[in-house]
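Below you'll find the structure, written out as structure tokens, and then a few comments.
First the proteins, then the strands, lettered A, B, ... as listed; each starts at 1.
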Amino acid sequence: MLVMQSPRGTVDILPNEQIYWRYIENVVRQFASQYSYDQISTPTFESTELFSRSVGQFTDIVKKETYSFDDRGGHSLTLRPEGTASVCRSYLQHGMHNQPQPVRLFYIMPMYRYERPQLGRYRQFHQFGIELLGDDTATVDFEVIEFATKIIAFFGLKQFKLNINSLGDKESRNLYREAILNYFSVYSNNLSEDDSRRLEENPLRILDSKDKYVKSLFAKAPNSLDYLSKASKDRWEKLLMYLRDSNIEYYVNTQLVRGLDYYTHTVFEFMPIDGGSQSTILAGGRYDGLVQELGGPSVPGIGFAMGIERIVEELKKQDMQFEKSNQVDVVICCIGGEKEIRKAVNTAYKLRNMDIKVILAPMSKSIKGQMRYAGNLSSPYVVILGSEEIKKDTYILKDMIKNEQKEIKFEILANFLAKECIDNL
RNA sequence: GUGAGCGUGGCCAAGUUGGUUAAGGCGCCAGGUUGUGGCCCUGGAGAUCGAGGGUUCAAAUCCCUUCGCUCACCCCA
């Protein structure tokens, strides 16, 4: 039946879905503008090395989820699995560290991850994200979190709660990693395959485990906040203070660790209270070592990414009313032959010059078929042209809602339509 | 990558102890007298039952393979 279909994990965004996308994009752009973020777009593919150096070559994302290939020149390229690394690369490449700091950027771009598809999880998906580079004070941690909070609230996603945690700087993070490793190693014989693997490769990830036994161990497990250096602890407390001052609701979740290696200090995530699996809708954090890791100066950064497909899913649940964006004003129907059609074509041309949204009904159909077509488009008006009208140089204007029609001259028709359709511009 | 469920015309779907032309609804198209939509009536197009192979006299219904979707893991936005 279907000889060709879109590759696994990819979807067509059909006309009736576009409305959600346009809406989200508009909202997001408005927020970006309010917070003074400028848009950046980076290439769909980058040198593979960019991601292994930033995201981390031992993370699952890089290890088993990238779309990588060699180009004809033998360079290994990778479809970007996330946006932060690319933005940092661009920041460096174009010397944005020489601009007044911090630099605020946002993006809306497709991302690629080779994963098993599920609802809300695709191989090509889209993210809106912001990055703030060149300021390491807690004030911008607050700003970024505030931005995220406002956007989530704007979309009416009340069931999503802000979870935050601090991983500390590199040193604190390493100390903590050590502590986790020691603590769980004691129980290593009882760990599942997945969990022992995690413990070996990326100990912090074990805090994400859904295993009941492992979860029971969390209670007495080392707490990341206890391993923060003085400076880390200080910024963490400031951030919480700022949040409290603004009455931004947050939940300190010391089990919150992220899957990308570059995160330091603040990490946060919007998760639903009754968490399903593909349920995180927005997540981010600070990445102070990243730019340097890419060969640049030591530039701190913080940002977040929001999954647009996941927002769309949520909006669909809300039963939102959108205006039909492509509503035509007038459909022109013909009764007769070439002469009538010729005049109809020219009439459409003249009305379009006045910015009226007008289309011809399909001329191969009978008048009944043409009217049905106009009805299906819920066109508020129909103009009918027949031999009688040609003779008198008049037009029949039918109001499809009131079910009334009158025969008028072009001037009157044009003036009327111009007036009626003015708010559709 | 692991485990489970599902896959019938554009959409929603009946039908599975294997057996004549694979229901129905929506949508689409055309008519219901000569130049007009929406309601109603009538008719029509459209499915090699996801694909490939096998078992059988006979399969949408059984078996195998494969593709896709969904769910739980893994992971993550």
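If you check every strand for non-hydrogen atoms under 4.0 Å, Gly83(A) touches nothing. Counting any heavy atom pair closer than 4.0 Å across all strands shown, Ile384(A) reaches a base atom. Within 4.0 Å (heavy atoms only), Met400(A) reaches at least one base atom of the nucleic acid. At the heavy-atom level, Tyr114(A) lies nowhere under 4.0 Å from the strands shown. Among the protein residues, Ile61(A) comes within range of the sugar-phosphate backbone only, with heavy atoms under 4.0 Å from sugar or phosphate atoms but none that close to a base. Here Lys398(A) lies in heavy-atom contact (under 4.0 Å) with a base. Ile396(A) comes within 4.0 angstrom of a base, heavy atoms only.
Look at CG on Leu207(A): it is 12 Å from P on rC75(B), rounded to the nearest Å. At whole-Å resolution of the value, CD in Glu269(A) and C1' in rA77(B) are 9 Å apart. Between Asp12(A) atom CG and rG68(B) atom P the separation is 15 Å, expressed in whole Å. What separates CD of Glu340(A) from C1' of rU36(B) is a distance of 15 Å, to the nearest Å. As a whole-Å value, the separation of Arg123(A) CZ from rC75(B) P is 17 Å. Spacing between atom CG of Asn163(A) and atom C1' of rA77(B) amounts to 15 Å, rounded to whole angstrom units. Residue Glu309(A) contributes atom CD, which lies 13 Å from atom P of rA77(B) at whole-angstrom precision. The CZ-C1' distance, from Arg197(A) to rU2(B), rounds to 12 Å in whole Å.
Here the straight-line distance linking atom NZ of Lys398(A) with atom CD of Glu407(A) works out to 14.5 Å at 0.5 Å rounding.
Distances from the side chain of Gln127(A) to the nucleotides rA77(B), rG37(B), rA4(B) place rA77(B) closest. Listed candidates were rG37(B), rA77(B), rG35(B). Nearest to the side chain of Met371(A) is rG37(B). Counting only heavy atoms from C-beta on, Arg310(A) has its side chain closest to rA77(B) among rG35(B), rG31(B), rA77(B). Relative to the side chain of Arg116(A), the nucleotides rG35(B), rC67(B), rA4(B) differ in distance, and rA4(B) lies closest. The side chain of Leu119(A) has rC71(B) as its nearest neighbour among rA77(B), rU36(B), rC71(B).
rG44(B) sits 25 Å from rA60(B) when the P atoms are compared, rounded to a whole Å. rG27(B) and rC63(B) are spaced 38 Å apart, taking the C1' atom of each and rounding to whole Å. Taking atom P in both rU65(B) and rG5(B), the straight-line distance is 14 Å, to the nearest Å. Nucleotides rG9(B) and rA22(B) place their P atoms 15 Å apart, quoted to the nearest Å. Spacing between rA59(B) and rU20(B) at atom P, rounded to whole Å, works out to 11 Å. Separation of the P atoms belonging to rC39(B) and rG35(B) is 23 Å when rounded to the nearest angstrom. rC12(B) and rA4(B) have their C1' atoms separated by 25 Å, given to the nearest Å. A gap of 15 Å separates the P atoms of rU70(B) and rC11(B), to the nearest Å.
Nucleotide rG1(B) forms a pair with rC73(B), judged by Watson-Crick or G-U wobble geometry with both contacts under 3.5 Å. Within the shown strands, nothing qualifies as a pairing partner of rA13(B) under the Watson-Crick or G-U definition with both distances less than 3.5 Å. Base pairing of rC62(B): its partner is rG54(B), meeting the Watson-Crick or G-U wobble criterion (both donor-acceptor distances under 3.5 Å). Nucleotide rC6(B): paired with rG68(B) (Watson-Crick or G-U wobble, both distances less than 3.5 Å). The pairing partner recorded for rU20(B) is none, the criterion being a Watson-Crick or G-U wobble arrangement whose two distances lie under 3.5 angstrom. rU33(B): no Watson-Crick or G-U partner with both key distances under 3.5 Å is found in any strand.
Residue Arg8(A) places none of its side-chain N or O atoms closer than 4.0 Å to OP1 or OP2 of rC67(B). Considering only side-chain N and O atoms, Gln118(A) lies under 4.0 angstrom from the phosphate OP1 or OP2 of rA72(B). Side-chain N/O atoms of Lys368(A) include none lying less than 4.0 angstrom from OP1 or OP2 on rG31(B). Residue Asn403(A) places none of its side-chain N or O atoms closer than 4.0 Å to OP1 or OP2 of rU36(B). At rC75(B), none of the side-chain N or O atoms of Arg258(A) fall inside 4.0 Å of OP1 or OP2 (strictly under the cut-off).
For a distance-only test at 3.5 Å, the side chain of Gln405(A) qualifies as a donor-acceptor partner of the base of rU36(B). Between the side chain of Arg372(A) and the base of rU36(B), no donor-acceptor pair under 3.5 Å is found. Scanning atom types as modelled, one donor and one acceptor separated by under 3.5 angstrom connect the side chain of Glu389(A) and the base of rG35(B).
Tyr37(A) and Phe147(A) have their aromatic ring centers within a separation under 6.0 angstrom. Checked against the 6.0 Å centroid criterion, the rings of Tyr287(A) and Tyr262(A) qualify as a close aromatic pair. Taking the six-membered ring for Trp and the full ring otherwise, Phe45(A) and Tyr112(A) have centroids separated by 6.0 Å or more. Between Phe410(A) and Tyr395(A), the distance from one ring center to the other falls under 6.0 angstrom.
At a cut-off of 3.5 Å, with distance as the only test, no side-chain donor of Glu131(A) or Tyr91(A) sits close to an acceptor on the other residue. Side chains of Ser224(A) and Asn165(A): a donor-acceptor N/O pair is present below 3.5 angstrom, by distance only. When only modelled atom types and interatomic distance are considered, Arg113(A) and Gln124(A) share no side-chain donor-acceptor pair under 3.5 Å.
Judged by centroid separation below 5.5 Å and plane tilt below 30°, Tyr373(A) does not stack onto the base of rG37(B).
Surrounding CG of Asn26(A) are more than 12 heavy atoms belonging to other residues, nucleotides or ligands, all under 6.0 Å away.
Nearest-nucleotide positions on RNA chain B place Ala374(A) closer to the 5' end than the other of Ala374(A) and His126(A). In this structure, Ser379(A) and Glu82(A) both approach RNA chain B, and ranking their closest nucleotides by distance from the 5' end singles out Ser379(A).
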